[in-house]
Amino acid sequence: WRSARTRDDHMSGFPHDLSPAQADLLDKFHARLGEGELQALAPLHLWGVTLGGSRTPEQDVVLLKFLRAREFKLEPAVQQLVDTLKWRASYNAAAAKDEEFPPAISMLGSFHKHDKQGRPIIINKYGRIDPAAAFSEGIDKFVRWCVSLMERGISKLDMCKVEDLVFIHDYNGVSMSKMDKRTRQASKAVTELFTHYYPEMLARKFFVNVPWFFEAMFNLVTITTSDRTKSKFVVCSKGSIKEKLLLFIDVDCLPEDYGGFSKEEGTPQGSVVEEEKALEVVIDSRGTFQVRKEVPPGGELVWEWTTADKDIGFIIKRQRDFQEDDEANKKVDVVIPLVRASHHASSYVSELGGVYYLVFDNSYSVLNKKNLHYRVAVSGGTSESSRTPSAPESSSSSTSSTSATTPDNAPVSETTNPDASLTASDHVTSPPTSSSSSSSSSVDDAHPH
C-alpha cells in the first residue's frame with residue numbers, strides 16, 4: 001500500500017501522467033456521466049467540450065481538472081461537476097463572454113500574449129479601480145465582468161495542448177482608500193466563484209507591485225482557497241518582478257511595464273528591432289559575450305536588451321577597415337562608450353558602415369551569472385542584405401576591468417581605442433575588451449541557450 005501511494009503522489013494527474021489508480025478513477029468518472037444528476041442535466045457541455053458519448057481526449061482533460069481539484073476523490077469531483085453545470089445554467093455564464101461592461105470596469109483587465117507554454121496571459125490592473133464607479137450598482141457587475149474575462153480566456157484554449165491560464169494582478173497605485181469594503185467583498189466573491197466553478201483553470205497567478213497591507217487582504221480573500229491553488233501564487237516584490245516573470249514568460253511576450261520588450265496592443269511599432277525575436281544567453285561570472293553585426297554605409301544598428309537581474313557592462317565597437325596583412329590597422333573604434341545597466345535600448349547610424357561588436361561585459365562580477373535577453377537588427381544603408389540573424393560569440397575571460405557609468409546612452413562620435421584589437425576573420429580570436437588587459441582570451445563560436 002505504501003509503495004502504491006508513493007507512486008500516486010509522484011504522478012501529476014494530468015493526461016499521460018496518471019497512475020493506474022488515477023486512470024481507473026477517470027474511467028469511473030466517464031461512466032458516471034450517464035448516471036444520476038449528470039444524466040438529468042444532459043446534454044452536457046462545458047468550456048467548449050461535449051461530455052458523454054464517445055470518449056475524447058478533451059473529455060479526459062476536463063474531467064481530470066475536477067479530479068485533481070478534489071485530490072482524486074471521485075464523489076466530491078462528481079458533485080463539483082454537477083454544481084458547476086447547474087451554476088453555469090442559472091448564471092448564463094457562457095453568455096458573459098460577449099457582453100459589454102462600463103469602462104470603469106472593463107479597463108481593469110486585458111489579455112496580453114502568452115507564457116512559454118502558450119498559455120494566454122490575463123493582466124488585471126487594480127490600481128486603476130475607482131470603487132465609486134466600479135461598484136456604483138453593487139459588486140455583481142464587477143463579478144460578472146471577471147466571469148466574462150475567464151470565459152474569453154477559456155475560449156482561447158485548445159484543451160489538448162493548452163488547458164489553463166496565467167494571471168498577472170498588478171497593484172501599482174492601489175491604496176487603502178481603494179481597498180474599501182466593496183472591493184474586499186468583490187475580491188472574495190470572485191475568488192470563491194473561480195475556486196468552485198473553474199477548477200484547475202489557473203496555471204499561475206503573479207501578484208506584482210503589492211502594497212504593504214497586501215498580506216492581510218490576501219489572507220482574507222483566500223481563506224477558502226485550497227493549498228493546491230495557493231501553491232500557484234507568486235508574490236513579486238518590486239525588485240524581483242522582472243526576474244520572476246521571465247522564468248515563465250519570454251521577454252518578447254512580457255510587457256514593458258514589467259521589464260520585457262512587448263508593447264501594449266495597438267501601440268505603433270517603434271523600430272525595426274521589434275520585428276526580431278529576442279535571444280537568451282547566460283553569461284558566466286568573469287565572462288563576456290558579444291554579438292557581431294555587419295552594417296552597410298548609412299545603415300542603422302538597433303538594439304534592445306535586458307538582464308533578468310542585476311546590471312552588466314555594455315559597449316559597442318567598430319572594426320576598422322584594413323588589409324589582411326596590415327597589422328597597424330587591426331584596431332577597433334568605440335562608438336558607444338561603456339555603461340553598466342540592466343536594460344538598454346537605442347540605435348546608432350553608421351556613416352562608414354562596417355563590422356560592429358556589441359559587447360556584454362560581466363568580467364567585474366566574481367559570483368553572479370547574468371541572464372541576458374537581447375535582440376539586434378540592422379536597417380537602411382546601401383544594402384538590406386545585412387539584416388541577418390545575430391552571430392553571437394562569447395568569452396570566459398577572467399580579466400578585470402573598471403566600468404565607467406555613462407548617464408547618456410546616445411551614440412557618440414567614433415574614437416580610437418588602441419588597447420583593443422580584432423582579427424580580419426569573421427570569428428573573433430582576440431575579442432574587443434572594455435579595458436586594457438595584459439592577457440588575451442580565445443573565443444569559440446557560441447549560440448544563445
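These numbers come from a predicted model, not from an experiment.
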Please determine whether a side-chain nitrogen of the Lys or Arg among [X] and [Y] lies less than 4.0 Å from a carboxylate oxygen of the Asp or Glu.
| X | Y | value |
| --- | --- | --- |
| Asp27 | Arg55 | yes |
| Lys125 | Asp257 | yes |
| Glu163 | Arg68 | yes |
| Arg292 | Glu294 | yes |

Between [Y] and [X], is there a cation-pi geometry (under 6.0 Å to ring centre, at most 45° from the normal)?
| X | Y | answer |
| --- | --- | --- |
| Lys370 | Phe360 | no |
| Arg144 | Tyr91 | yes |
| Lys242 | Tyr258 | no |
| Arg340 | Tyr364 | yes |
| Arg88 | Tyr197 | no |

Is the closest side-chain heavy-atom distance between [X] and [Y] below 4.5 Å?
| X | Y | value |
| --- | --- | --- |
| Ile336 | Ile315 | no |
| Gln22 | Phe14 | no |
| Val174 | Val210 | no |
| Lys161 | Gln117 | no |

Where the side chain of [X] meets the backbone of [Y], is there a donor-acceptor pair that is under 3.5 Å apart?
| X | Y | value |
| --- | --- | --- |
| Lys65 | Glu200 | yes |
| Asn124 | Tyr126 | no |
| Gln59 | Gly52 | yes |
| Ser231 | Arg228 | yes |
| Lys205 | Val166 | no |
| Asp115 | Gly118 | yes |
| Thr84 | Gln80 | yes |

Verify the distance criterion only: is there a donor paired with an acceptor across the side chains of [X] and [Y] at less than 3.5 Å?
| X | Y | value |
| --- | --- | --- |
| His114 | Asp250 | no |
| Ser148 | Glu99 | no |
| Thr306 | His373 | no |

Check whether more than 12 heavy atoms from other residues, nucleotides or ligands sit under 6.0 Å from atom [atom1] of [X], and answer yes or no.
| X | atom1 | answer |
| --- | --- | --- |
| Glu137 | CD | no |
| Lys116 | NZ | yes |
| Lys244 | NZ | yes |

Mind checking the [atom1]-[atom2] spacing from [X] to [Y]? Nearest 0.5 Å is all I need.
| X | Y | atom1 | atom2 | answer |
| --- | --- | --- | --- | --- |
| Leu149 | Ile154 | CG | CD1 | 10.5 Å |
| Trp47 | Ser155 | CH2 | OG | 14.0 Å |
| Thr288 | Asn362 | OG1 | CG | 9.0 Å |
| Lys310 | Ser342 | NZ | OG | 11.0 Å |
| Ser379 | Glu275 | OG | CD | 9.0 Å |

Original post:
Taking the inter-plane angle between the rings of Tyr171 and Phe207 on a 0 to 90° scale, is it parallel (under 30°), tilted (30 to 60°) or perpendicular (over 60°)?
Top reply: parallel
Original post:
Is the Tyr198 ring parallel, tilted or perpendicular to the Trp87 ring (thresholds 30°, 60°)?
Top reply: perpendicular
Subject >> Member of Trp303, Trp305, Phe289, Phe261 meeting the ring-ring contact (aromatic ring centres under 6.0 Å, His included) criterion with Tyr374 >> reply: Phe289
**OP:** May I have the step-by-step check of ring-ring contact (aromatic ring centres under 6.0 Å, His included) for His169 and Phe206, ending in yes or no?
**Re:** CA-CA 6 Å; His169 284 195; Phe206 298 92; over 10 Å; no
Subject >> Residue that, paired with Asp252, satisfies salt bridge (Lys or Arg N to Asp or Glu O under 4.0 Å) out of Arg375, Lys263, Lys113 >> reply: Arg375
